[in-house]
Every structure is written in C-alpha cells, then in structure tokens.
Amino acid sequence: MPNYYLIIQTRLGQRLGMFRVVCLLAVFDAVCLLDTGMLFPRESSSREVKELNGLWDFRADQSPNRNQGFDRAWYKSRLAETGPVIDMPVPASYNDITQDPALRDFIGWVWYEREVVVPARWVADGGTRVVLRVGSAHYYSVVWVNGVKVTEHDGGHLPFEVEIGSLIRKDPTVPCRITIAVNNTLTLETLPPGTIQHMDDRTKYPEGFFVQNFNFDFFNYAGIHRPVLLYTTPKAYVDDITVIKDVFLCVSGLVKYNVSVQGAANATLSVTLIDKDGRCVATSNGPAGVLKVVDVKLWWPYLMHENPGYLYSMEVRQHADGKSTFEDVYSLPVGIRTVSVTSTQFLINNKPFYFHGVNKHEDSDIRGKGLDWPLIVKDFNLMKWLGANSFRTSHYPYAEEILQMCDRHGIVVIDECPGVGIKDIRSFGKASLTHHLVVMDELVRRDKNHPSVVMWSVANEPAAEMPPAEFYFKTLIQHTKALDPTRPVTYITASNYARDKGAPYVDVICVNSYFSWYHDPGHLEVIPIQLNTQFENWYGKYQKPIIQSEYGADAVPGLHSDPPVMFTEEYQKVVLQSYHNVFDQKRKQYVIGELIWNFADFMTVQGILRVVGNKKGVFTRQRQPKAAAFILRERYWRLANETGRLPPWTKYPCSL
Ligand code: BDP
C-alpha cells in the first residue's frame, strides 16, 4: 500500500522544524506495524452500513479448561446445536445481564453467534467489498463466518475488521452466520496485564478453583462492548485519511492531508472542504495536498469560545476510471486547531488552555462497558452542566462515537491507551513492549483525526521506578511521537518525582495523588502542604507543565458528618476544596489542569476497600449529583469565566 506522509511546511520555511518532521515520519515508516486504515464506517453515495446490534446467541464455555468450544468446533454449526444458548445483547458486557454469579465472574471463552441476511445486491455485485467490523470486544477475539475463521484480534478497546465478501458469495442461498469467541483472560503481556492463579489446596478451595489477579481498579467487564456492523466499499477504495492542521495569523487555516487508496494503483482523487453552511471553502486533487481556508473558523474547546467545536467536512472522492474502478466517497469531519506546549502552558490555537475536567470510565448498571447512547448523551449533558471542558479516557480508549461527540461539543480529550496496572517487572519485557507499541499504533490510527484529542497518554501509574521502565517508556513515548508529531505525549504517574524513570521523556507531567485518603487518611490538614510539595518537586526537577490528573475521595451518597469523616459527602467536599486552594496558587505558575477522580461511581472487583465499587464519583453510578458535584460546578464555571471568552449568557454561576 502506498504510504504518503506529509512534510509539515511552516510559514517561515522553518527548515529545522521541517527536518524534524521528516525524520519522525521516516521513523514511523520504519516502526509502524499496521498497513491499513481504520476509518469510522460512514454511509455515503458509495458505502452502505448495516448494524448487527441487538440479540445474539450466547454460550459461555464452562468446561474445566474452557476449551470445549475449540475442541468441538462450536463455530462449525449453529451455536444452539452445540448446547444451551441464551440471549445476549450486543453491545453490552455479559457480566451483569443474568442472575448467575458464575457468568458475572466468568473467566475464559464465551461464544456469540448471529445470522445475518445480507442484501442481495451486495452478494450479486462482485465489485463490492463487504467488511465485518467489531467496534471492540474484550479481550481476545476470534471470528468465523459460516464456519471459516476470518480474523482474530488481541486487545479489548479498539476496533478490528475483515473483508468477508468472497465468503458470503460462496453460497448466497445460506444466511451469513457470524461467530465470535471472546476471551477475557489477561496475561503478563496483555494490556492491561493480569495473571491467573490456580488454588490447589483442596482443604480450602473447590476443584478447579482459580482467580484472575490484576492491578487496576475497575471491573474487568467482558464481551462485545461496541457495535458490530457490516459495511461496503467499492473494490478500489479510500482506505485511510490523515489530516494535519495548522493556522496562520489566526486567519488562514491549512489542512494538510494525505489519502491512501487500496485496490487501485493510480486512483484519481479530489478533496473538498465544506463548511457548516454547505459552502465549499477549499479544494485539492491527488493523494496528498494542502487545503487553504481563508477566514478560517477554528475549532475551539467548550467554554473557551462562543462557537466551540466547529467542524468542516472533508469530502474525499475517488473517481471512477470508466473501467474497473468505481467512485468511492468518504466524508471526514475536520476541526482546525493547533496544540503546543511550553514549559508552563498548554496552548490551543496559541491561547493558554486550562484543563478543568474529569476522569471517566465506560461503566454503568447492567450494560457494564457496553456502548449506550442514552448514557453517552446524559454524560455529555452532565459534563456541560459541571462546566467541564475536558476529560481523560482513563484507563483505555473509549468508543470512537464518544470522541465524535467531543469533536462536536468541543470537549478536550487526553486519549489514554489500556496501559494500566503495569506493576510486575515481567510486564516490562520485550513481548509486552512490542504489544504496547502495536496498541499505540492502533490507537493513533483510529483517533489521529479527532480535533478533540490533544494529547496521548501511554499508561496509567506504571511501576515507573523499576529499572526497565526507562527503556520501556523512552521507546514507547518516542514511538508515539513518531506516529504523531503534532500532539504531546505523556503517561500518568503516581511515582516519586526523584525516581520516576519515564518523566524525562514526557511533554507534560500528569500526576495522581490522594493526600488525606491513601496517605494520612482522615487528616485533611495535610493537603495544602503535601500538594504544594508535590508540585514544587516535580516542577523543580523537570520544568514541564503539570496536570493534576487524579485526586479525590470516596463518598457514599447520603452519608453525612460534620466535622467531616471519611466516606461522607462532606469529607469529599473538603478534599476537593483543599486541593482547589493549592491549584489556584499554582495555576498562575505551571499547573495547567485538574481532572477530578472520578466523574461517576464505577464498579470494581469486590474487596475490603470498595463498597459495591469505587465511590469517588461526584455523580453516583446512576448519574445523580453528590454534594461535591455542586462544588465542582461552581468552580469550573468560575474558571471558565476567568480563562475562557464567553458570551454573557453563559456566565452562570458567577453570581453564586
Ligand atoms: C488511582 C488509579 C485509579 C483508581 C484510583 C482509586 O489510577 O484507577 O480508581 O486510584 O483508588 O491510583 O480510587
């Protein structure tokens, strides 16, 4: 496949900058392990989409070694013929759907199956590619179509797809049977890592007893979490688009693009940029080019501008050649903005941006981590109500549908890969690093064009003081910068500033701390001094801007106490307020953001530290506010009024 990479041309002909980018792209060419695109499936005049969401047949492999499905080839016939099946909604985690604790805590292979009626025209037209796409399935997936294995995928939070046209054309009279086996077993080399521990002491545990251990604090929900669909393209098609945005003098925008085509050696391409009113504002031809937009409408974050989240539409048209190549049309939303970092600031469109936002989880009652539109829209409404301008996708990539919402609403995103819980020294080995690099390739490939994504996070709270961490993070961060020279890269640390081995390589220091909670529990008075010391130490050593990427306290809704005690709503409030006082001093210097842990309560494994999940949400799991939500709301709107450029009607709650 041809790879076209753009040289960033800077206004002043900055040869140095140009050289840097060329080198980085050369590195990318050498290291990127993926050779196809992963454009979000969209309908167009040349493409159709058929969603396969709804009820699938489902069967968990309860055999002692969890391998009966493979041993007996469950994919060869209808799943219902292999044994009892139940209804399972897709997308959804399977864990909370039934009353069966064995399924909630199941570890191993589960099997999904569904028959699809494929439109006759797709089958009849041999010139149509039919692609089966899974938005995400946790963790490891194997896929068959009519009993033939078509693909497998390692990793629970990113999409994968495969062309199945020839298989469905083999016998057009039989319905297309799709079987997906999904395994949630984690190993030292998966992301996140985990281990299986067998308990063989028969005086304590029943036959075959085992548990899965891991070092992350959320329930390991599993199943098909995001939409499954079929979509079509012509045989020769637009496979990938990369856009790099630049702005000159705040007046002209430059969109440098490159398009890769599969299936045609010499495709003729035209590219048109269309504004929100449907006006064509720039055009270009060929697989790589620059679209110059006069009087550009920039993409601005929510609360930073009266018209946030402005998106153009970039229409890429691959022309028919009158013989074998047919027209293909793909429209990509494009927001024009720049991102840069100084030693004390984070700049969007050259203006200082202060992150006042949240950390989230994909998590809710019944659905677990399954994509759910009512929940997504509710969460956006709550974020806007709070006055939050940003969030971090703790601790894994979220559905691309969520990033599309962020693009449209101007919510800024720190996009995190599933590198959470890397605590065992064996997870710093070659196999782990190789997999981690592939996951970053997949993440950047999927999310590179989203204007809302302003920074990559390669991990959360790894054991960054271990000796192999230096090579590991240096490699990972440099690789990510090579993949995308336009965005800063970080990882989230909870290590000691003096011993953290990866910090020299990050662009922004993101630090998590829980003073008066995990340290000095119950002693709210330590927060000002310890938080101040934390910031001074990190900035003193690295002179890089700092985000407080997590802070907070559990509050069981409805528990009250004055003076505050831990787990009450009052305690959570005072923790937040004590942190805020220090942020207000430091944000005048080098602190560039604060992200509360957490937006909402979420499910975790059972344990003595968790009361039906983690209760550090400012909203409950059902999205009702705790007292802390009102504290945050008042603060975030005040910050917005101070740092943004808002029209008067948005100034709430200044009068409070
Ligand atoms: C942080 C982790 C986060 C946890 C949080 C907590 O990054 O995943 O949920 O602690 O303990 O260290 O609440």
Side-chain angles (χ1 to χ4, degrees), residues 51-70 72 74-75 77-115 134-143 156-157 177-186 194 196 205-212 214 218-228 361-376 399 600-607 610-614 620-623:
E51 288 212 348
L52 306 183
N53 301 335
L55 293 185
W56 289 52
D57 279 352
F58 176 91
R59 184 173 179 199
D61 185 340
Q62 304 275 6
S63 63
N65 66 0
R66 304 287 195 254
N67 224 44
Q68 195 184 93
F70 284 89
R72 302 202 182 155
W74 287 358
Y75 48 87
S77 57
R78 288 184 52 238
L79 197 55
E81 287 164 24
T82 69
V85 293
I86 59 171
D87 285 345
M88 189 54 68
V90 169
S93 302
Y94 58 74
N95 309 76
D96 292 344
I97 297 294
T98 73
Q99 299 308 102
D100 182 1
L103 186 59
R104 183 193 60 203
D105 300 327
F106 185 80
I107 300 162
W109 289 104
V110 298
W111 292 71
Y112 288 77
E113 184 206 74
R114 146 128 203 212
E115 285 188 349
V134 179
S136 79
H138 192 74
Y139 176 86
Y140 196 92
S141 313
V142 185
V143 184
H157 310 89
R177 183 168 48 84
I178 298 171
T179 313
I180 306 180
V182 187
N183 193 330
N184 62 348
T185 307
L186 302 174
I196 299 289
Y205 302 103
E207 174 87 31
F209 186 88
F210 66 94
V211 291
Q212 173 148 274
F214 44 72
F218 52 90
F219 195 88
N220 191 32
Y221 278 113
I224 302 180
H225 283 155
R226 298 185 191 148
V228 181
H361 263 299
E362 289 182 318
D363 175 271
S364 72
D365 286 333
I366 303 171
R367 294 145 189 81
K369 292 197 178 303
L371 181 135
D372 180 53
W373 278 112
L375 181 79
I376 291 173
D601 293 346
F602 57 90
M603 196 44 69
T604 63
V605 287
Q606 299 181 60
R610 297 288 175 252
V611 191
V612 196
N614 187 309
T620 65
R621 203 179 188 210
Q622 294 71 33
R623 274 51 180 178

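This is a predicted model, so every value here is computed, not measured.
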Would you check if the side chain of [X] reaches a backbone N or O of [Y] as a donor-acceptor pair within less than 3.5 Å?
| X | Y | answer |
| --- | --- | --- |
| Q62 | A102 | no |
| N53 | V228 | yes |
| E113 | L79 | yes |
| N184 | A222 | no |
| E51 | P227 | no |
| K369 | S93 | no |
| E362 | A399 | yes |

Which residues pass the salt bridge (Lys or Arg N to Asp or Glu O under 4.0 Å) test with R367, sequence neighbours left out?
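If we apply the salt bridge (Lys or Arg N to Asp or Glu O under 4.0 Å) test to R367, skipping adjacent residues, the hits are D372.
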With sequence neighbours excluded, tell me which residues meet salt bridge (Lys or Arg N to Asp or Glu O under 4.0 Å) with R72.
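Counting only residues at least two positions away or on another chain, R72 forms no salt bridge (Lys or Arg N to Asp or Glu O under 4.0 Å).
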Determine whether [X] and [Y] make a side-chain contact, defined as any pair of heavy atoms from C-beta on separated by less than 4.5 Å.
| X | Y | result |
| --- | --- | --- |
| N220 | Y139 | no |
| F70 | D61 | no |
| V142 | Y75 | no |

Which atom names give the shortest non-hydrogen contact between [X] and [Y], and what distance separates them?
| X | Y | result |
| --- | --- | --- |
| I196 | I107 | CD1-CG2, 3.9 Å |
| S63 | Q68 | OG-N, 3.3 Å |
| G223 | V182 | O-CG1, 4.3 Å |
| S77 | E81 | CB-OE1, 3.4 Å |
| R621 | M603 | NH2-CB, 3.5 Å |
| L371 | P91 | O-CG, 3.7 Å |

[atom1]-[atom2] distance between [X] and [Y], expressed to the nearest 0.5 angstrom:
| X | Y | atom1 | atom2 | answer |
| --- | --- | --- | --- | --- |
| D601 | S364 | CG | OG | 13.0 Å |
| R66 | T185 | CZ | OG1 | 8.5 Å |
| N183 | Y140 | CG | OH | 10.0 Å |
| I97 | I86 | CD1 | CD1 | 9.0 Å |
| T82 | D57 | OG1 | CG | 9.5 Å |
| D87 | T98 | CG | OG1 | 12.0 Å |

Parallel, tilted or perpendicular for F209 and Y205, by the 30°/60° rule?
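Because their plane-to-plane angle is under 30°, the rings of F209 and Y205 count as parallel.
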In terms of ring plane angle, is the pair Y94 and F106 parallel, tilted or perpendicular, where the classes change at 30° and 60°?
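Y94 and F106: perpendicular rings.
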Looking only at side-chain N and O atoms, does D96 offer a donor or acceptor that is under 3.5 Å from a partner on Y221?
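On atom types as modelled, these side chains qualify, holding a pair under 3.5 Å.
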F218 vs D363, test: side chain to side chain contact (heavy atoms under 4.5 Å, CB included). Steps then yes/no.
CA-CA 9 Å; F218 52 90; D363 175 271; over 6 Å; no
Begin with the C-alpha distance, continue with both residues' side-chain angles, and end with the deciding distance and a verdict on side chain to side chain contact (heavy atoms under 4.5 Å, CB included) for F219 and D105.
CA-CA 10 Å; F219 195 88; D105 300 327; 4.0 Å; yes
For F58, which of W74, W109, Y112 qualifies under ring pair (Phe, Tyr, Trp, His ring centres under 6.0 Å)?
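One option only clears the test, and that one is Y112.
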Would you sort out whether T179 and R177 count as a side chain to side chain contact (heavy atoms under 4.5 Å, CB included), showing the intermediate values?
CA-CA 7 Å; T179 313; R177 183 168 48 84; 3.7 Å; yes
Could you please spell out the steps behind the side chain to side chain contact (heavy atoms under 4.5 Å, CB included) verdict for L375 and R623?
CA-CA 9 Å; L375 181 79; R623 274 51 180 178; 3.7 Å; yes
